[in-house]
Amino acid sequence: MDQEAASSIVVCPDGPLIIRGEFEIVTPSGDAVPRDRKTVALCRCGASAIKPYCDGTHKMIKFRTEPPTG
């Protein structure tokens, strides 16, 4: 019996979206974005040099997902 692999999205505080499982990433025009892993990190800060994937730049620019308190 075939079972579909469960997919999940983890929202990392001040970091990327980690996506695991079977999924397709497409451009706004519907073209598939190549990927070679079942787990990927997608950029949320907008500064990655390899968008849509995360390259860790969020750490250098001190990207925050929560508004500053105070």
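Source: prediction; values computed, not measured.
The shortest distance between side-chain heavy atoms of Ile9 and Phe23 does not fall below 4.5 Å. Side-chain contact between Val26 and Glu24 is present, with heavy atoms from C-beta onward closer than 4.5 Å. Looking only at side-chain heavy atoms (C-beta outward), Val10 and Arg20 come within less than 4.5 Å of each other. Ile18 has its side chain within reach of Thr39: a pair of non-hydrogen atoms, C-beta onward, lies under 4.5 Å apart.
The number of heavy-atom neighbours closer than 6.0 Å to CD1 of Ile25, taken from other residues, nucleotides and ligands shown, is above 12.
Val11 and Val40 fall within a single hydrophobic cluster, where Ile, Leu, Val, Met, Phe, Trp and Tyr are joined by side-chain heavy atoms under 4.5 Å apart, directly or via other members.
Nearest approach of Arg37 to Arg35, heavy atoms of both residues: O-NH1, 2.5 Å.
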All N/O donor-acceptor pairs, side-chain side in residues 41-50, below 3.5 Å, sequence neighbours left out:
residue, atom, partner, partner atom, Å
Arg44, NE, Gly15, O, 2.8
Arg44, NH2, Cys12, O, 2.7
Arg44, NH2, Gly15, O, 3.2
Ser48, OG, Ile50, N, 3.1
Ser48, OG, Tyr53, O, 2.6
Ser48, OG, Asp55, N, 3.4

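One finds the CG atom of Asp14 at 7.5 Å from the CD atom of Glu66 (value rounded to the nearest 0.5 Å).
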